[in-house]
2 protein chains.
Amino acid sequence: MARPRKAQELDIGRRAVEETIRLVAQRGDFDVPLTEVALAVGCTAPALYGHFRNKCALLIAMRDEGFNRLYEVKAAVSERMRSDPFGYLREGSYAYARFALHNPTLYRLMFSPPPKLGVGDDPWSSENGRRVLALLLNGLRESQDHGYLPGADLRRQGLMFWSTVHGAVSLNLENQAMDPAAKWDATRDVIDTLMEMIAATGRRNPPAGS
Amino acid sequence: MARPRKAQELDIGRRAVEETIRLVAQRGDFDVPLTEVALAVGCTAPALYGHFRNKCALLIAMRDEGFNRLYEVKAAVSERMRSDPFGYLREGSYAYARFALHNPTLYRLMFSPPPKLGVGDDPWSSENGRRVLALLLNGLRESQDHGYLPGADLRRQGLMFWSTVHGAVSLNLENQAMDPAAKWDATRDVIDTLMEMIAATGRRNPPAGS
DNA sequence: CCTTAAAAGTTAACGTCGTTCATTTATGGA
DNA sequence: TCCATAAATGAACGACGTTAACTTTTAAGG
């Protein structure tokens with residue numbers, strides 16, 4: 001056999017990304033053989049080269065999909081919390097941390113990709129990364145309207161905020177000495193500490209609009 | 001030739017670690033062939049297996065050496081800043097960031113090691129990592145004595161502090177869109193933002209001891 | 001001194017994996 | 001029905017981690 005029947009015309013590109021995400025999560029390492037990906041997809045390894053220039057391209061596609069999913073999670077929280085911007089800062093961070101803790105290997109690929117991929121690991125350089133940052137900045141701006149962080153530079157605060165959450169996640173992510181619950185507790189504790197610090201900036205200035 | 005003369009008895013273990021650090025930095029990726037390490041050391045690849053169980057063991061040794069160097073840098077700053085604990089928080093963070101920006105690949109190996117290494121990436125689980133954290137906690141405690149962070153839980157603050165600095169470093173580290181100076185500026189800006197936030201907690205309570 | 005056993009590398013070889021090449025087969029239009 | 005093209009296959013290559021078998025230096029003992 002050399003070319004499959006039209007019946008099984010399942011977009012091999014999409015499936016490869018999905019299966020790679022699955023295998024990577026299962027393995028706990030993004031060093032998965034192309035043969036296994038191909039097997040999961042239902043083809044052979046060289047067939048993948050018709051859809052991706054090489055293995056790095058596949059991993060990059062997987063990384064982009066990761067940013068897609070992260071954005072969707074955060075956008076959903078943003079929608080739900082539309083009326084409470086300060087609450088969004090907290091819940092959005094929780095959701096971010098949960099995403100990372102539930103997809104540790106994918107998260108590592110997104111934010112600490114092997115240099116071979118040739119991508120800057122700056123998340124806001126990709127379109128979806130930028131949108132995630134935009135959600136955060138939006139939450140900060142609206143929180144500022146509610147009296148928090150008076151007079152603060154939003155972009156600075158945003159980058160510090162993201163640094164803190166990402167740092168907490170990153171430090172706790174693959175610590176084998178902690179069970180998942182402990183990782184979550186430790187990460188949430190950092191987020192809470194940050195939120196308390198921001199909250200402290202607002203107590204002196206109750207909602208400016210009221 | 002099968003066994004070298006006693007004259008050239010250069011501890012191959014140490015040299016392998018040094019050369020690996022050098023090659024990894026030069027390459028910008030810790031995926032360096034053992035053959036190259038061996039060549040740099042002056043032996044053949046299989047000879048390394050007399051000193052390290054496998055390649056992972058070599059990388060782990062390199063990681064430990066990284067924590068050694070980081071600790072020494074931070075300890076030096078701590079010594080120099082002994083009289084100004086709040087200043088140490090800033091200068092120690094600067095030094096930390098400089099270390100990371102000057103040794104990006106080593107830093108990545110320390111804090112985002114490939115799972116294959118079998119080490120938790122929790123830095124304070126290793127002895128030298130714990131000592132770095134101890135320096136930070138010490139700085140926080142003494143800053144508290146000077147009126148900053150009144151009534152705060154030091155361990156919580158310490159973990160948040162480290163999360164922020166590590167997060168900033170990690171996000172800016174390998175962003176190919178930024179030149180080294182820009183990376184430094186962005187990282188320092190996050191540190192400064194954090195320091196200003198901590199400083200704000202102290203302005204209301206001038207040095208308690210005076 | 002000579003012999004001998006262990007030590008420490010070296011060369012050769014194997015297995016895995018990413019990647020390429022030539023080949024084969026299904027597809028869609030003339 | 002026949003042909004050009006697209007798409008995937010199986011075989012093969014090269015790099016690399018790792019292991020096995022061999023070789024030679026070192027150190028000790030008779």
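Keep in mind that this is a model prediction, so the values were computed, not measured. Lettering follows sequence order; numbering is per chain, from 1. FYI, side chains are in, hydrogens and waters are out, and symmetry mates aren't considered; it's all heavy atoms of this structure.
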Trainee: To the nearest angstrom, how far is Leu34(B) atom CG from dG17(D) atom C1'?
Mentor: 7 Å

Trainee: OH of Tyr49(B) versus C1' of dT11(C): gap in Å, rounded?
Mentor: 16 Å

Trainee: Ala47(B) side chain: which of dC21(C), dT10(C), dG18(C) is closest?
Mentor: dT10(C)

Trainee: Please figure out whether Thr35(A) or Cys43(B) has its closest DNA chain C nucleotide nearer the 5' end.
Mentor: Cys43(B)

Trainee: With sugar-phosphate meaning primed atoms plus P, OP1 and OP2, does Val32(A) contact a base, only sugar-phosphate, or nothing at under 4.0 Å between heavy atoms?
Mentor: sugar-phosphate

Trainee: Answer with base, sugar-phosphate or nothing: what part of the nucleic acid does Val37(A) contact at a heavy-atom distance below 4.0 Å?
Mentor: nothing

Trainee: Can you see if the side chain of His51(A) gets near the phosphate of dA7(D) - specifically, an N or O under 4.0 Å from OP1 or OP2?
Mentor: no

Trainee: Relative to the 5' end of DNA chain C, which residue comes earlier, Thr44(B) or Cys56(A), by the nucleotide with the nearest heavy atom?
Mentor: Thr44(B)

Trainee: Distance check needed: dG17(D) P versus Arg53(B) CZ, whole Å only.
Mentor: 16 Å

Trainee: Show your reasoning for whether salt bridge (Lys or Arg N to Asp or Glu O under 4.0 Å) applies to Glu18(A) and Arg15(A).
Mentor: CA-CA 5 Å; Glu18(A) 290 172 17; Arg15(A) 293 215 45 205; 5.3 Å; no

Trainee: Grab the CG-C1' distance between Asp29(B) and dA15(D) for me, whole Å please.
Mentor: 15 Å

Trainee: As a test of reading the structure: which of dT19(C), dT20(C), dT19(D) is closest to the side chain of Pro46(B), going by heavy atoms?
Mentor: dT19(D)

Trainee: Output the rounded distance in Å from CG (Leu58(B)) to P (dG17(D)).
Mentor: 10 Å

Trainee: Applying side chain to side chain contact (heavy atoms under 4.5 Å, CB included) between Ile21(A) and each of Gln26(A), Arg69(A), Arg63(A), report the one that passes.
Mentor: Arg69(A)

Trainee: Identify whether any heavy atom of Pro33(A) sits under 4.0 Å from a base atom; if not, whether one sits that close to sugar-phosphate; answer base, sugar-phosphate or nothing.
Mentor: sugar-phosphate

Trainee: Measure from CG on Leu48(A) to P on dT20(C) and round the result to the nearest Å.
Mentor: 13 Å

Trainee: Check the angle between the aromatic planes of Tyr107(A) and His166(A) and answer parallel, tilted or perpendicular using the 30° and 60° thresholds.
Mentor: tilted

Trainee: Without placing hydrogens or testing angles, list every side-chain donor-acceptor pair under 3.5 Å for residues 48-57 of chain B, not counting sequence neighbours.
Mentor:
| residue | atom | partner | partner atom | Å |
| --- | --- | --- | --- | --- |
| Asn54(B) | OD1 | Cys56(B) | N | 3.2 |
| Asn54(B) | OD1 | Ala57(B) | N | 3.0 |
| Lys55(B) | NZ | Val32(B) | O | 2.9 |

Trainee: Without decimals, in angstroms, what is the distance between Leu59(B) CG and dT18(D) P?
Mentor: 10 Å

Trainee: Stepwise, does the salt bridge (Lys or Arg N to Asp or Glu O under 4.0 Å) test hold for Arg80(A) with Glu91(A)?
Mentor: CA-CA 10 Å; Arg80(A) 181 157 52 83; Glu91(A) 293 302 321; 5.2 Å; no

Trainee: Using atom CZ of Phe52(A) as one end and atom P of dT19(C) as the other, report the distance to the nearest whole Å.
Mentor: 13 Å

